Amino acid sequence: MNQIRSIKGTHDILPSDSQKWQQFEQIIHHVCQQFGYKEIRTPIFEETRLFSRSVGEETDIVSKEMYSWEDRDGKSLTLRPELTASVVRSFIQHNLGGQAPSQRLYYMGPLFRRERPQKGRQRQFHQFGVEAFGSENPEQDAEIIAIAWHILSECGLNNKTTLHLNSIGSPSCRKAYREALKNFIRPNLAQFSETSQKRFETNPLRILDTKAEHEQKLLEGAPTISQCYTNKDKAHFESVQHFLNAMNIPFSINEKLVRGLDYYSRTVFEFTSTALGAQDALLGGGRYDGLVETLGGKSTPGIGFAAGMERFLIAMEDAGQKSDESKIDVYFVCLDEAGLSTALSLANKLRQKGFNVVSDPLRRSIKAQLRDANKFKARFAIILGESEMENNTVTLKNLDNGEQETVTQKDIIQKMI
RNA sequence: GUGGGUGUAGCUCAACUGGUUAGAGCACCUGAUUGUGGUUCAGGAGGCUGUGGGUUCAAGUCCCAUCACUCACCCCA
């Protein structure tokens with residue numbers, strides 16, 4: 001019989017890595033709180049229609065990557081493939097917009113997409129992200145990007161990534177641009193690939209993304225989105241750039257940046273890293289002013305980003321970031337079964353005083369226990385053997401310099417403090 | 001969904017053109033006289049070479065299939 005393994009595209013985060021994750025999560029919590037954002041946690045699964053409505057029926061995510069099933073009552077449910085939709089659903093359901101005109105939230109957690117795994121891409125993966133509701137002003141866009149920038153800095157990645165920035169305009173501008181682009185492409189449509197031809201109908205902006213050289217050539221001289229901006233769109237985009245400059249956040253305008261999901265409008269951005277191989281997007285986001293309304297809420301502007309946590313960790317590894325190991329203060333060496341209750345009790349008292357204390361559950365030799373203490377990088381060993389028990393003492397050994405002294409059991413806690 | 005690459009110990013890798021009981025480093029365990037870690041030295045454990053077939057006197061090595069992992073396309077974080 002072959003052994004049971006984790007599902008393709010899912011991974012265990014083992015003790016050797018969990019430290020990195022915890023430190024990374026700490027950075028996210030810390031920076032988001034610095035900006036006054038509050039954490040929101042939503043369920044892992046939702047009604048399928050939440051995603052098909054918001055993300056878009058024609059997107060790859062919805063059309064072929066979702067883990068969906070029919071619940072016993074016939075309702076179609078789905079493991080969340082992204083988090084903005086869930087957050088917006090929650091925002092509407094609990095009328096968070098009614099509690100304060102500006103709601104700023106962050107999240108982290110697992111997502112599920114049934115794709116073929118490769119570097120930086122898994123079927124269960126983790127994202128963190130932020131969402132800000134209520135403001136359509138450009139300073140809100142700048143703030144969102146600043147959070148991303150701060151987190152990247154804290155992770156040592158700010159000068160290892162590139163911020164690509166674009167505006168895809170308001171819906172009316174997008175609509176006009178769509179037509180202009182289609183008119184430009186139409187005469188040569190037959191020369192485009194099958195997928196591009198399909199996109200010509202469903203989402204022509206995506207054709208700009210093509211990597212095929214001959215298609216890039218055909219696109220030379222195509223109208224740009226900026227030609228279709230309304231005055232407001234233009235002013236908004238310029239302000240965003242102005243604020244980014246004021247905060248010394250470097251960016252490059254990328255007119256071909258078109259985010260995949262249907263709900264974006266105006267500002268879109270993406271941080272990429274060369275450490276990631278083909279999947280170079282580390283963090284992506286944008287404005288979604290129409291999404292709350294699409295999902296049945298009161299029209300509310302919003303903007304946010306999502307970032308791949310595994311991808312961050314890959315990039316951090318590549319940048320040579322090291323995580324600090326957790327330190328143990330005291331290793332309790334107990335040599336005698338008779339001393340166990342004393343050892344356990346003293347160890348616990350030390351923990352109550354805030355020390356990290358480990359004891360050996362295997363009743364090993366003193367040599368083995370001290371070796372183990374060393375592996376834990378413990379600063380002290382407290383040894384409790386036969387002679388110590390007789391005299392109500394312990395031996396306190398400093399593992400850095402090897403010095404040791406005898407201390408009464410009564411005084412040891414005080415002595416350590 | 002499509003293509004390429006790779007499967008040998010927990011990890012990283014050896015084993016000439018097929019040829020005896022498949023090796024090394026790291027990690028792990030035990031010792032080096034009584035109850036003392038790191039360094040050193042000695043020893044030990046750990047593999048049905050991914051799985052199933054085939055060719056051959058002989059397969060880790062060649063062939064086929066299958067599974068897994070991986071990278072890329074697609075798309076995205």
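Basis for what follows: all heavy atoms, side chains included, without hydrogens, waters or symmetry-related copies. Remember, it's a predicted structure, so these values are computed and weren't measured experimentally. In what follows, chains carry the letters A, B, and so on, assigned in the order in which the sequence lines appear, proteins first and then strands, with residues in each chain numbered from 1.
Using a 4.0 Å heavy-atom distance criterion, A:E386 is classed as a base contact. Counting non-hydrogen atoms under 4.0 angstrom, A:I366 reaches a base of the nucleic acid. Among the atoms of the strands shown, none is found under 4.0 Å from any heavy atom of A:S365. The residue A:K367 sits close to a base: some heavy atom pair falls under 4.0 Å. Using a 4.0 Å heavy-atom cutoff across all strands shown, A:L283 reaches sugar-phosphate atoms only and no base atom. Base engagement by A:E115 is indicated by at least one non-hydrogen atom pair under 4.0 Å involving a base atom. A:G120 comes within contact range of at least one nucleobase, with a heavy-atom separation under 4.0 Å.
Side chain A:K397 to base B:rU36: a donor-acceptor pair is found below 3.5 Å. Between the side chain of A:Q369 and the base of B:rU36 there is no donor-acceptor pair of N/O atoms closer than 3.5 Å. For A:R113 and B:rA77, a side-chain-to-base donor-acceptor distance below 3.5 Å is present, hydrogens and geometry of angles not being considered.
When Watson-Crick and G-U wobble pairs are counted only if both distances are under 3.5 Å, B:rG44 pairs with B:rC28. Pair check for B:rA9 finds none; no Watson-Crick or G-U wobble contact set falls under 3.5 Å. Look at B:rG3: its Watson-Crick or wobble partner, with both distances under 3.5 angstrom, is B:rC71. Across all strands shown, B:rA22 has no partner, as no Watson-Crick or G-U wobble contact with both distances under 3.5 Å is found. Judged by Watson-Crick or G-U wobble contacts below 3.5 Å, the nucleotide B:rC62 has B:rG54 as its partner. Nucleotide B:rU39: unpaired (no Watson-Crick or G-U wobble partner with both distances less than 3.5 Å).
Checking A:E143 against A:Y37 by side-chain atom types alone, a donor-acceptor pair falls below 3.5 Å. Side-chain contact, A:R371 with A:N374: no donor N or O sits under 3.5 Å from an acceptor N or O. Counted by atom type alone, A:Q26 and A:Q23 present zero donor-acceptor pairs between their side chains at under 3.5 Å.
As rounded to whole Å, 9 Å separates atom P of B:rG35 from atom CG of A:L335. With rounding to whole Å, A:D360 atom CG is found 11 Å from B:rC29 atom P. One atom, CG of A:L370, and another, P of B:rU39, lie 14 Å apart when rounded to the nearest Å. Atoms NZ (A:K64) and P (B:rG1) sit 11 Å apart, rounded to a whole Å. Atom-to-atom, CD of A:E403 to P of B:rG37 comes out at 16 Å; the value is rounded to the nearest Å. If you measure from atom CG of A:D280 to atom P of B:rA72, you get 10 Å, rounded to the nearest angstrom. Regarding A:L276, its CG atom lies at a distance of 11 Å from the P atom of B:rC71, rounded to whole Å. Summarising the geometry, the separation between CZ on A:F128 and C1' on B:rA77 is reported as 10 Å, rounded to the nearest angstrom.
Close placement of the A:F312 and A:F24 rings is indicated, their centers lying within 6.0 Å of each other. Taking the six-membered ring where the residue is Trp, the centroids of A:F91 and A:F133 are separated by under 6.0 Å.
Residue A:K375 has a polar side-chain atom (N or O) positioned under 4.0 Å from OP1 or OP2 of B:rC29. The shortest distance between the side-chain N/O atoms of A:Q279 and the OP1/OP2 oxygens of B:rC76 is not below 4.0 Å. Under 4.0 angstrom from either OP1 or OP2 of B:rU30 there lies at least one side-chain N or O belonging to A:R371. Look at A:K8 and you'll find a side-chain N or O under 4.0 angstrom from OP1 or OP2 of B:rC69. Residue A:K377 has no polar side-chain atom (N or O) positioned under 4.0 Å from OP1 or OP2 of B:rG38.
Nucleotides B:rU21 and B:rG25, compared at atom P, are 23 Å apart to the nearest Å. Nucleotides B:rC73 and B:rC29 are separated by 44 Å at their P atoms, to the nearest Å.
Each of A:M309, A:H11, A:R113 was scored for a side chain to side chain contact (heavy atoms under 4.5 Å, CB included) with A:F125, with one residue passing: A:R113. Put simply, the residue from A:Q279, A:Q127, A:H126 that forms a side-chain hydrogen bond (donor to acceptor under 3.5 Å, both in side chains) with A:E310 is A:H126.
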